[in-house]
**Student:** 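Pasting a structure below so you can have a look.
All residue numbers in this chain count up from 1 along the given sequence. Note that the coordinates shown come from a computational prediction; the quantities given were computed from them, not determined experimentally.
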Amino acid sequence: MNEAAATPALWLHQVERRFGRGEATIEVLRGADLTLWAGQSVALIAPSGAGKSTLLHLAGLLESPDAGEVYVGGAATAAMSDDARTALRRNEIGFVYQFHHLLPEFSAAENLILPQMIRGLTRAKAAKRASELLAYLGLGARESHRPAELSGGEQQRVAIARAVANGPRLLLADEPTGNLDPKTADHVFGTLTALVKASGLAALIATHNLDLAARMDRRVTLQDGLVVELQ
């Protein structure tokens, strides 16, 4: 096994996160551990208020743990500067949310081209990558359409394509099919998991949809501030 394959895409080690509310302290995570490997899809299933969003924010370097360490591709991140964390997040992590958050004034292709150009690619290379991704996701004929001209499922597939446009190591998704009808959700989810396998991404996907979660490689939940593996 080569070194890259032996290194987890994401490793949360003994992560703690707490918040103050008045004079009280709420402990959301109490030494949580989670490891994700390349090409693996993991469903995060937990009731509202259990800490799913907090876990995703820590994994995505949007928050820092109060204790413990978050490793992305083997790199320890807790002591990184804000600039270093931002650079790592831009290059190594893709995000998909319940709402697509596409830029309405730009076409589907342009929504993919912009983040690649921000990373430093030429427009020509970014456009080629955007075209390839949209074609792979069945949107080759929709490249020039703006979000308002796309269906909900198409918008979310564009959002997925944008999330992986920079070739990240890790994909984090928060209820990515939550706003879609069951048939469209099934199609978008199938597209997402196929992309994870094809690209070698590691994906952590928070979902309430148990049918979709059952199709993923692993399922985990949060109990008393810890990550617990489900069968």
Side-chain angles (χ1 to χ4, degrees), residues 9-10 12 15 17 19 26 28-29 32 34 36 39-63 70 72 89 92-104 108 111-112 115 133 137-139 147-148 150-166 168-197 199 201-223 225-230:
L10 174 70
L12 274 62
V15 167
R17 191 73 171 107
F19 299 95
I26 300 173
V28 180
L29 298 175
L34 177 64
L36 267 71
Q40 188 176 67
S41 58
V42 179
L44 174 59
I45 310 162
S48 298
K52 292 195 304 296
S53 294
T54 297
L55 188 71
L56 287 172
H57 288 170
L58 290 169
L61 310 184
L62 297 171
E63 297 180 20
V70 177
V72 176
R89 186 167 59 243
E92 299 289 348
I93 304 173
F95 296 89
V96 182
Y97 298 100
Q98 185 169 346
F99 187 71
H100 55 76
H101 294 298
L102 297 173
L103 298 173
N111 268 278
L112 273 66
L133 274 171
L137 297 179
L139 295 167
L150 303 173
S151 70
E154 288 171 336
Q155 291 171 347
Q156 198 64 327
R157 279 184 282 158
V158 174
I160 291 167
R162 179 185 57 188
V164 302
N166 279 334
R169 184 187 302 265
L170 175 66
L171 181 68
L172 302 173
D174 193 359
E175 296 287 349
T177 61
N179 281 335
L180 305 175
D181 65 83
K183 183 177 180 180
T184 304
D186 184 76
H187 180 60
V188 168
F189 187 84
T191 300
L192 177 57
T193 52
L195 188 61
V196 168
K197 293 296 184 188
S199 61
L201 276 165
L204 179 62
I205 303 174
T207 181
H208 284 105
N209 191 320
L210 298 182
D211 291 334
L212 298 184
R215 293 159 50 184
M216 299 175 68
D217 297 319
R218 290 165 53 205
R219 285 149 295 283
V220 299
T221 190
L222 289 166
Q223 293 179 2
L226 300 176
V227 177
V228 177
E229 204 85 19
L230 296 171

**Student:** Could you report the tightest heavy-atom contact between P104 and P147, atom names first, then the distance?
**Tutor:** O-CD, 3.7 Å
**Student:** Rounded to the nearest 0.5 Å, what's the gap from CZ on R17 to CG on L12? Could you check?
**Tutor:** 12.5 Å
**Student:** For residues I93 and L61, determine if any side-chain heavy atom of one lies less than 4.5 Å from a side-chain heavy atom of the other.
**Tutor:** yes
**Student:** Any donor-acceptor pair under 3.5 Å linking the side chain of K197 with the backbone of G39?
**Tutor:** yes
**Student:** Check G60 against F95 and note the closest heavy-atom contact, atom names and distance.
**Tutor:** O-CZ, 3.5 Å
**Student:** Would you check if L56 and L62 make a side-chain contact, meaning some heavy-atom pair closer than 4.5 Å?
**Tutor:** no
**Student:** Looking at residues at least two apart in the chain, or sitting in another chain, which of them share a side-chain contact (heavy atoms from CB on, under 4.5 Å) with A50?
**Tutor:** A46, P47, L222
**Student:** Please report the shortest heavy-atom distance between P115 and N166, naming the atom on each side.
**Tutor:** O-ND2, 3.3 Å
**Student:** Going from CG on N111 to CD on Q155, what distance comes out if it is rounded to the nearest 0.5 angstrom?
**Tutor:** 10.0 Å
**Student:** Taking side-chain contact (heavy atoms from CB on, under 4.5 Å) as the definition, give me every residue that meets it alongside D211, ordered by chain and number, with sequence neighbours left out.
**Tutor:** N209
**Student:** Can you name the residues that form a salt bridge (charged side-chain N to carboxylate O under 4.0 Å, His left out) with D186, not counting sequence neighbours?
**Tutor:** R215
**Student:** Can you list everything that forms a ring pair (Phe, Tyr, Trp, His ring centres under 6.0 Å) with H57? Sequence neighbours excluded, please.
**Tutor:** none
**Student:** For a 4.5 angstrom cut-off between non-hydrogen side-chain atoms, does I160 reach P176?
**Tutor:** no
**Student:** Counting N and O atoms only, with roles assigned by atom type, does the side chain of R219 sit under 3.5 Å from a partner on the main chain of L230, one being a donor and the other an acceptor?
**Tutor:** no
**Student:** For S199, what residues pass the side-chain hydrogen bond (donor to acceptor under 3.5 Å, both in side chains) criterion, not counting sequence neighbours?
**Tutor:** none
**Student:** When rounded to the nearest 0.5 angstrom, what distance separates CG in L133 from CG in L139?
**Tutor:** 10.5 Å
**Student:** Applying the side chain to side chain contact (heavy atoms under 4.5 Å, CB included) test to V164, which of V96, L195, L112 qualifies?
**Tutor:** L195
**Student:** If the condition is side-chain contact (heavy atoms from CB on, under 4.5 Å), which residues does T191 pass it with, not counting sequence neighbours?
**Tutor:** L137, R157, H187
**Student:** If you round to the nearest 0.5 Å, how far is CZ of F189 from CD1 of I205?
**Tutor:** 5.0 Å
**Student:** State which residues pass salt bridge (charged side-chain N to carboxylate O under 4.0 Å, His left out) with E175; sequence neighbours excluded, sorted by chain then number.
**Tutor:** none
**Student:** For Q40, which residues count as a side-chain contact (heavy atoms from CB on, under 4.5 Å) partner, sequence neighbours excluded?
**Tutor:** W37, V42, D217, R218
**Student:** Which atoms form the tightest heavy-atom contact between A59 and L10, and what is the distance?
**Tutor:** CB-CD2, 3.8 Å
**Student:** How many angstroms lie between atom CG of L204 and atom CG of L55, to the nearest 0.5 angstrom?
**Tutor:** 6.0 Å
**Student:** Where the side chain of D181 meets the backbone of K183, is there a donor-acceptor pair that is under 3.5 Å apart?
**Tutor:** yes
**Student:** Can you tell me how far CG of L201 sits from CG of L192, rounded to the nearest 0.5 angstrom?
**Tutor:** 9.0 Å
**Student:** Would you please name every residue forming a ring pair (Phe, Tyr, Trp, His ring centres under 6.0 Å) with Y97, sequence neighbours left out?
**Tutor:** H101
**Student:** Considering all heavy atoms of both residues, which atom of T207 and which atom of A43 are nearest to each other, and what is their separation?
**Tutor:** CG2-CB, 4.4 Å
**Student:** Over all heavy atoms of both residues, which pair between L36 and A202 is shortest? Give the atoms and the distance, please.
**Tutor:** CB-CB, 4.1 Å
**Student:** With distance as the sole test, does T221 use its side chain to make a donor-acceptor pair with the main-chain N or O of I45 at under 3.5 Å?
**Tutor:** yes
